[in-house]
Amino acid sequence: MLRISTARADRWGDKIMSVLREQQLEACQERLTRCPSQGIFSELGEEESRALFLFSFYAQEIRRHIPSRQELRSEVLAMVEWEASFLSPREDELVKRMLMGGGQTPLQDWDEISAAEALISRLWCTLQIADNDTAILQLELPLVAPITNAMLTPRYTALRERIFSFDATLHSLLYLSGFLHASVPMEHFKTALQNAHPSLDRLIARYLRSAFDYTQTAQGEILLLHPGLADPDHLLSTLSGLRPPETHLTREMMLGGMNGILPEEIASCESMRGALSGAVRPEYDEEEVLEDLRMMAKQGANLPEMREVLESMLCVLPTPGMLSALSQLHLQTVRWMGMPSAVLN
């Protein structure tokens, strides 16, 4: 999902991971309210067709005149059988629910709106708001048969297995580094698939935009972001003045990244989890609070800043044991590249 740039926040309470996520989902929800209610296979006027194009992935990919409605339909139909294999996990789940539900499904979880936006950007779906304010995602009827047929092929099964492994590796690298230039995984995946399709670049780029948080440079390059990275511009400017680090990724590091926690971080994380038990205000989730604090530590937040955020989420005064656990979390969490470190990691 696209990371929307906002005014740089000075207080950590305004840029912790849970706040960033909520801001992104609200921005996504706002974009969907402006999305045309009719799909590309409906009878559309010129302005409606143009609005659909500008909302779609095609607007980011086609550097020429705005295609006609018929050209867009042809583009969608030409790619759909391959594109079905390159959906993000949440998109894949929504499409299968629609196929089993007569072509539509209600959005059951707030996080599903980002996957819904991606499917609408593929020009596969439309979104309708029912009388009870339920959001209904609807698959375009001409795409039902080709998507169903594609999902029954051995190629689909083989590609989904590759993407599952690819997805886990990218999440691991993002946990270890905080961000990743999309050209690295794109080249790796293209090599693995031996350029099996003329539009493979577009298929992979759409998958990356759908499956990960990202931002784009002024040159249109995609940078994948860890959801907890608060200020990618600051990180990139810091790294630009440093020599490339010599990093040797071990099997343990990669497995830790896939699990979302490194072996050396486990003890302090468990201690902090125990300290938070029963002490968090009702509007917060204990695991979410713990993750917010860990992501602050990974970005070099100092101990007073972490304590300020912790206290804002507690329903009790912080105990000595809680503050000791916070100190250990601050010391033992491995920092991202370019971030100030409490200890040598």
What pairs of donor and acceptor atoms, side-chain ones from residues 77-84 against any protein atom, are under 3.5 angstrom apart with sequence neighbours left out?
{"from": "E83", "atom 1": "OE1", "to": "R206", "atom 2": "NH1", "distance (Å)": "3.4"}
{"from": "E83", "atom 1": "OE2", "to": "R122", "atom 2": "NH1", "distance (Å)": "2.7"}
{"from": "E83", "atom 1": "OE2", "to": "R206", "atom 2": "NH1", "distance (Å)": "2.8"}

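R273 has a carboxylate O that lies under 4.0 Å from a charged side-chain N of E287, or vice versa, which qualifies the two as a salt bridge.
For E117 (side chain) and C28 (main-chain N/O), no donor-acceptor pair under 3.5 Å exists by modelled atom type. The main-chain N or O of A230 is found under 3.5 Å from a side-chain atom of Q299 such that the two form a donor-acceptor pair. Judged by distance alone, with hydrogens and angles left aside, the side-chain atoms of R160 form no donor-acceptor pair with the main-chain N or O of A158 at under 3.5 Å. T33 contributes a side-chain N or O that, together with a main-chain N or O of E30, makes up a donor-acceptor pair within less than 3.5 Å.
Residues W124 and L94 fall within the same hydrophobic cluster, defined by Ile, Leu, Val, Met, Phe, Trp and Tyr side chains chained together at heavy-atom separations under 4.5 Å.
With no hydrogens or angles considered, no side-chain donor-acceptor pair links S271 and Q328 at under 3.5 Å.
Nearest heavy-atom pair across I113 and L32 is O-CD1, 3.8 Å. For the pair S49 and I40, the tightest heavy-atom approach, listed with the atom from each and the gap, is OG-CD1, 4.4 Å. Taking both residues in full, the closest heavy atoms of M17 and G228 are given as CG-CA, 3.7 Å, listed atom of the first, atom of the second, then distance. When all heavy atoms of P106 and E112 are compared, the pair lying nearest together is O-OE1, 4.2 Å. The minimum heavy-atom distance linking A116 with L107 is given by the pair CB-CD1, 3.9 Å. Between C125 and L137, the closest heavy-atom pair is CB-CD1, 3.8 Å.
No more than 12 heavy atoms of other residues, nucleotides or ligands lie within 6.0 Å of CZ in R50, so this atom counts as exposed by the packing criterion. Within 6.0 Å of the CZ atom in R281, the count of heavy atoms belonging to other residues, nucleotides or ligands exceeds 12.
Applying the side chain to side chain contact (heavy atoms under 4.5 Å, CB included) test to T319 and every residue at least two apart in sequence or in another chain returns M322.
Listed by first and then second residue, the side-chain hydrogen bond (donor to acceptor under 3.5 Å, both in side chains) pairs that reach into residues 35-44 are Q38-S42, sequence neighbours excluded.
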